[in-house]
Amino acid sequence: TAIETVWEQNRAVMQGGGIMVTSVSPLLLTGCRFSENNATVGGGVYTQNSSDITARASMGAGNVAAVNGGGVATGRSIDVYLLSCIFAGNAAMMMHGGGVYVADNCQVTATGTSWEDNMARMEGGGVALYDQSQLYLTRCVFSSNTATSGGGVYAEDVCHVEANYSVWISNMASEEGGGIGVLDEVLLSLRECNFTMNEAMSGGGVCAMDHCNVSVASCMWMHIVTNM
């Protein structure tokens with residue numbers, strides 16, 4: 001458990017520039033800050049081997065991963081709970097998940113959390129998740145995040161993404177899915193969400209490909225840009 005603790009300008013050659021957690025009881029972070037940390041995977045935080053994370057009112061800013069997960073990266077089968085957190089200006093320089101990278105069979109539940117100005121070279125400027133992972137968003141905001149695919153959120157391979165009362169604004173993908181990009185049998189459910197001024201080559205707001213199932217209810221789409 002960590003309360004009002006700061007990890008700043010730390011570096012790891014491999015995983016977890018700020019902190020690496022493995023094979024321990026769940027990690028609880030309250031009022032903590034991870035800033036300008038650097039690693040190959042998980043610039044701010046890396047967790048594996050069933051080490052779950054709960055973060056409240058915490059911030060990851062300016063963290064960099066050479067490969068995956070500028071702010072946070074998980075191993076397989078991890079549960080992550082985010083309440084009123086901020087991910088700002090984090091970057092995955094070579095691959096996926098500028099803010100958060102989620103590996104196989106994980107579950108991320110976020111409430112009142114924002115992703116701002118995060119960048120991934122490939123997929124998921126804000127969040128990238130893979131291989132049967134689940135992402136549940138309530139009253140979250142994705143703004144000005146960038147990636148090749150899925151500027152705000154990217155999900156692939158039988159994942160489940162559910163968003164309620166959330167906002168995507170001014171996110172950009174150079175290829176597919178300015179706000180959200182999903183691929184390969186992903187279940188995407190959106191309820192009372194707002195997509196404004198997101199931009200991509202295909203699917204400025206949302207791009208769903210390869211047998212995805214998309215459900216949309218009472219959402220708003222404004223000033224979406226698709227460059228053909």
[X] versus [Y]: any side-chain heavy-atom pair under 4.5 Å?
X    : Y    : value
V21  : I53  : no
M209 : E176 : yes
L28  : R56  : yes
V206 : W221 : yes
E123 : Y130 : yes
V153 : L135 : yes

[X] versus [Y], closest heavy-atom pair with distance:
X    : Y    : result
A200 : G178 : CB-N, 3.4 Å
A120 : G97  : CB-N, 3.8 Å
A65  : G42  : CB-N, 4.0 Å
A2   : C32  : O-SG, 3.4 Å
G177 : C207 : N-CB, 3.5 Å
A147 : G124 : CB-N, 3.8 Å

Taking S84 for its side chain and A57 for its backbone only, find out whether a donor-acceptor pair lies under 3.5 Å. no
Are any side-chain N or O atoms of N63 and backbone N or O atoms of N38, one a donor and one an acceptor, separated by less than 3.5 Å? no
With rounding to the nearest 0.5 angstrom, report the [atom1] to [atom2] distance, [X] to [Y].
X    : Y    : atom1 : atom2 : result
I169 : S143 : CD1   : OG    : 7.5 Å
T111 : L137 : OG1   : CG    : 8.5 Å
M201 : S174 : CE    : OG    : 7.5 Å
M172 : N198 : CE    : CG    : 11.0 Å
N49  : I78  : CG    : CD1   : 7.0 Å
Q134 : C159 : CD    : SG    : 8.5 Å

Hphob cluster co-occupancy, [X] + [Y], side-chain heavy atoms under 4.5 angstrom:
X    : Y    : result
M95  : Y154 : no
L29  : V6   : no
V100 : L83  : no
Y101 : L129 : no
M59  : F87  : no

Those residues that, when tested against R76, pass salt bridge (Lys or Arg N to Asp or Glu O under 4.0 Å) (two or more places apart): D104
Apply side chain to side chain donor-acceptor pair (under 3.5 Å) to [X] and list each qualifying residue two or more places apart in sequence or on a separate chain.
X    : value
T74  : none
S114 : E116
Q9   : E36

Any pair with a residue in residues 126-149 that passes salt bridge (Lys or Arg N to Asp or Glu O under 4.0 Å), sequence neighbours left out, goes on the list, sorted by first then second residue, please. none
Give every residue pair that meets the salt bridge (Lys or Arg N to Asp or Glu O under 4.0 Å) criterion with at least one member in residues 148-160, sequence neighbours excluded. none
Pairing donors with acceptors under 3.5 angstrom, does anything connect the side chains of Q107 and Y81? no
Taking ring pair (Phe, Tyr, Trp, His ring centres under 6.0 Å) as the cut-off, I'd like each qualifying pair that reaches into residues 31-77, sequence neighbours left out, listed once. W7-F34
Side chain to side chain donor-acceptor pair (under 3.5 Å) between E175 and T148, intermediate numbers included: CA-CA 5 Å; E175 294 185 4; T148 299; 5.6 Å; no
In a table with atom names and distances, give each donor-acceptor pair under 3.5 Å that connects a side chain of residues 10-20 to protein atoms at least two apart or in another chain.
residue : atom : partner : partner atom : Å
N10     : ND2  : E8      : O            : 3.3
N10     : ND2  : N37     : OD1          : 3.0

Please go through V64's hydrophobic cluster and name the other residues, only I, L, V, M, F, W, Y counting, with side-chain heavy atoms under 4.5 Å joining them. M93, M119
List for me each residue that meets ring pair (Phe, Tyr, Trp, His ring centres under 6.0 Å) alongside Y136, sequence neighbours excluded, and say none if there are none. H160
Walk me through it: do C85 and S58 pass the test side chain to side chain contact (heavy atoms under 4.5 Å, CB included)? CA-CA 5 Å; C85 293; S58 295; 4.2 Å; yes
Can you name the side chain to side chain contact (heavy atoms under 4.5 Å, CB included) partners of N145, sequence neighbours left out? W115, N118, F142, N171
Determine all donor-acceptor pairs shorter than 3.5 Å in which one atom belongs to a side chain in residues 183-195; sequence neighbours excluded.
residue : atom : partner : partner atom : Å
R191    : NE   : N164    : OD1          : 3.2
R191    : NH1  : Y165    : OH           : 2.9
N194    : OD1  : T196    : OG1          : 2.5

